[in-house]
Amino acid sequence: MLLEDLNPEQRLACESVEGPNLIIAGAGSGKTRTLTYRIAYLIQQGVNPHNILALTFTNKAANEMRERIVDLVGDNAKYIFMGTFHSIFSKILRIEAERLGYLNSFTIYDTENSKSVIRAIVKDFNLDDKLYNKSYLLNRISAAKSSLISPQAYMDNEQLMMEDRANSRPYIAKIYQEYNHRLRRNMAMDFDDLLFNMNVLLRDHNDLLLKYQERFKYILVDEYQDTNFAQYYIVKKLSARYRNICVVGDDAQSIYAFRGADIRNILDFQKDYPDAKLFKLEQNYRSTSNIVNAANSVISRNSKKIEKKVWTNNGEGRKINFCKSDSDKDEAKWICNTIRDRIREEDADYKDFAILYRTNQQSRVLEENFRFLNIPYRIFSGISFYGRKEIKDILAYFSLVVNNSDDEAFLRVINYPARSIGDTSINKLKILANEENVSLFHTALNHIDKIQLTPRTKQSIIDFVTMIQAFTIEKDKIDAYELGVKIIAKSNIVTTLKNEADPAVEDKLDNIDELISAIQAFVESEDEMILDEQTGEEIALRNKTLDIFVQQTSLLSETDRGDKNDDNTVSLMTIHSAKGLEFSYVFVAGMEENLFPSAMCIGSQVEMEEERRLFYVAMTRAKKELALSCAQMRFRNGSIAYNEESRFLADIDKDYFNENYNNLKEKTKLKTPSFSNSDFVSVNRNLKKIDTLPKPIGGTPVTDMNAFEEGMEVYHDKFGKGKILALEGKGDDTKAEVNFVGFGIKKLVLRFAKLKLM
DNA sequence: GGATTTGTTTCCACC
DNA sequence: AAACAAATCC
């Protein structure tokens, strides 16, 4: 029997096939397994795979799940519609593009493209680009789109307009409007448009709403805690007819509020569907009990959550390993050494290890060490494969061929490789394009005679657009591989690269080869099956054309990238990209205040709770051993940062740590005999204690950080009287070790400590 | 028009 | 520190 491998709760969650269902799945509770079996069970019960829509968090997860379901219930299962929100709805938008006034060859803009469009608008509007910062604007626009607020709705929204005025940025609505206008002119959609336009499609076209409601009779959503309003609304609309909606998630792992994810979607599911059945998967099969309990103690500090108790039958396992090093370099060394030790002493391989960090820039120093020590590694985040310049250049050629209206692509490649078409000529083209209200490509092709250009430049432009046009004519006739290889050859990018005195040329050529292999794999991949609405016949979508390749790749994340399966490498990635993954040994590096939790969240309770959930996610990736590390000194953004250890360390009871941590704390404790509380940070949390402190007494405030000397008696607002034991650093970075009466030795950054001389 | 130098920005996570 | 944009020179 299919479901006999599941535990009782998992099994109940699978068997409840009809109606609204909410599955709260704790970390490591076999969520993917349950989802997989649930879908397999649906099919076994006679549900047509065509009628199943499964929305997952990564494309890779979708593909793995699909394969597993095929294994369980047979080949028919490959027809289920499964993938990320963005990839599924981009496919539907492609099919229905004309309803929205788009061609189906529309381009999907990534963040870089979007920012570039915004920068151009700010320039054209003659606005201050410091005030109208492109990242800020894109965030603002993205937030609006994720909440289904159109430019018009934005202008009509008093709240938003008031916020912008209060921020001295009254023109954001106008920029948003112009941004959308330009995207449309470029026949492009940004990431948020894929969701926004899907909503428009379902809102304005009743026949399509009905068509997809009928099509997707059973809807499953994974990682529901990370859905935003636009996603929530699509799901709500699509499931409104049959109400077979099953959402799976864990509120404790909600980590995407920054991009509009709304935790209320999962918290309020039962309000939306009062008849919803609730299932809780609480048994953790992944981690040791020490890790599970430590993670529980962290998440228990958060206030807003659905009650659940994650537990495990697994053995206690090893205590949490810890290292506080002097610098980021030493931290990296410690991690590498520990990995080597484990591999030598235990039955472990490089692929069993992951190093997780809060910010991408932390990967650099780690990478240096891995290189130096010859430990094979792979960085999953940071500059992704498709973000590399040489790859983006080629993809821009592809985009322009597929969609001649794509001005961003045009501008990127018009003079790369150099064709003697400089800024002056391009600006003339831009002005004319604006007057004619057509794309740059179109202007160059049809209106070139209207501008004054040197014959040489003019010929260059004509040659360029003629070349692109020739490719465009072929785009539906030959497959992506054939056309792609042709474009790469004719564009001369490879030859140009070879002539550059760039030490990284070999890498770049390798990357281009990898891109070509990816196109080949795409062309050779199995055809996607669709159902003919009229006849009910299954049809293979055989067009492996370049436009589909381009659309598909723009939605790939680095974690989706096919690892060369037998890759035995240590994984380096941000905690965000580690979501859903697991490793035997997990290192969380950079456990420091202002880094993790990020400086931007300190001061906001809500954001701090999200950081804490992020830490929870990091901890629960580990199966066998969890190691946390921090550095006293770290290079960041061109300067040295000194940070205290992360407050999250103190969220974990010290019993869960090994001696590395407790010895360190023991030392501190010995130096501070008068502070008897064993919880070494309770000072920070225990407000009562602070309230009972003597009221501040007099003293001289000090502004010059060099005025302090060892042995001086000082006064601190919270810790009271103390004596300076040691000073280190100078100027604004000066730190002091001060022995406070009743609080013991504290290390303080003088700039913030507001010490007074007694 | 193109190369080189100088100045400026970004410093949180991502589809 | 490094990536990016602008300014300057040839």
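Every chain is numbered from 1 and lettered A, B, ... according to where its sequence line falls, protein lines coming before strand lines.
In summary, A:Arg358 and A:Glu611 engage in a salt bridge, as defined by a charged side-chain N under 4.0 Å from a carboxylate O.
When each of B:dG2, B:dA13, C:dA6 is scored by its nearest atom to the side-chain atoms of A:Lys123, the top-ranked nucleotide is C:dA6. With B:dC14, B:dC12, B:dG1 as the candidates, the nucleotide lying closest to the side chain of A:Ser425 is B:dG1. Relative to the side chain of A:Thr424, the nucleotides B:dA13, C:dA6, B:dG1 differ in distance, and B:dG1 lies closest.
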Please tabulate, one pair per line, each protein N/O and nucleotide N/O from nucleotides 5-10 of chain B that are separated by under 3.5 Å, including the distance.
{"from": "B:dT9", "atom 1": "OP1", "to": "A:Lys130", "atom 2": "NZ", "distance (Å)": "3.0"}
{"from": "B:dT10", "atom 1": "OP1", "to": "A:Asn133", "atom 2": "ND2", "distance (Å)": "3.1"}
{"from": "B:dT10", "atom 1": "OP2", "to": "A:Asn133", "atom 2": "ND2", "distance (Å)": "3.4"}

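What separates CZ of A:Arg621 from P of B:dA13 is a distance of 19 Å, to the nearest Å. Remark: C1' of B:dC15 and CD1 of A:Ile108 are 10 Å apart, rounded to the nearest angstrom. Straight-line distance from the CZ atom of A:Phe596 to the C1' atom of B:dA13: 10 Å, rounded to whole Å. Between A:Tyr416 atom OH and B:dG2 atom P there is a gap of 14 Å when expressed in whole angstrom units. As rounded to whole Å, 11 Å separates atom P of B:dC12 from atom CG of A:Asn594. A straight line from CD of A:Gln253 to P of B:dC14 spans 17 Å, rounded to a whole angstrom. Summarising the geometry, the separation between CZ on A:Phe229 and P on B:dC15 is reported as 23 Å, rounded to the nearest angstrom. Here B:dC15 presents its C1' atom at 9 Å from CG of A:Asn59, a figure rounded to the nearest Å.
Not counting sequence neighbours, the partners of A:Val606 by the side chain to side chain contact (heavy atoms under 4.5 Å, CB included) test are A:Ser604.
Taking for each of A:Ser554 and A:Ala418 the nucleotide of DNA chain B with the nearest heavy atom, the 5'-most of the two is the partner of A:Ala418.
Side-chain N/O atoms of A:Thr111 and base N/O atoms of B:dC15 include a donor-acceptor pair closer than 3.5 Å.
Using a 4.0 Å cutoff on non-hydrogen atoms, the parts of residues 186-194 of chain A near DNA chain B are A:Phe191, ordered by number.
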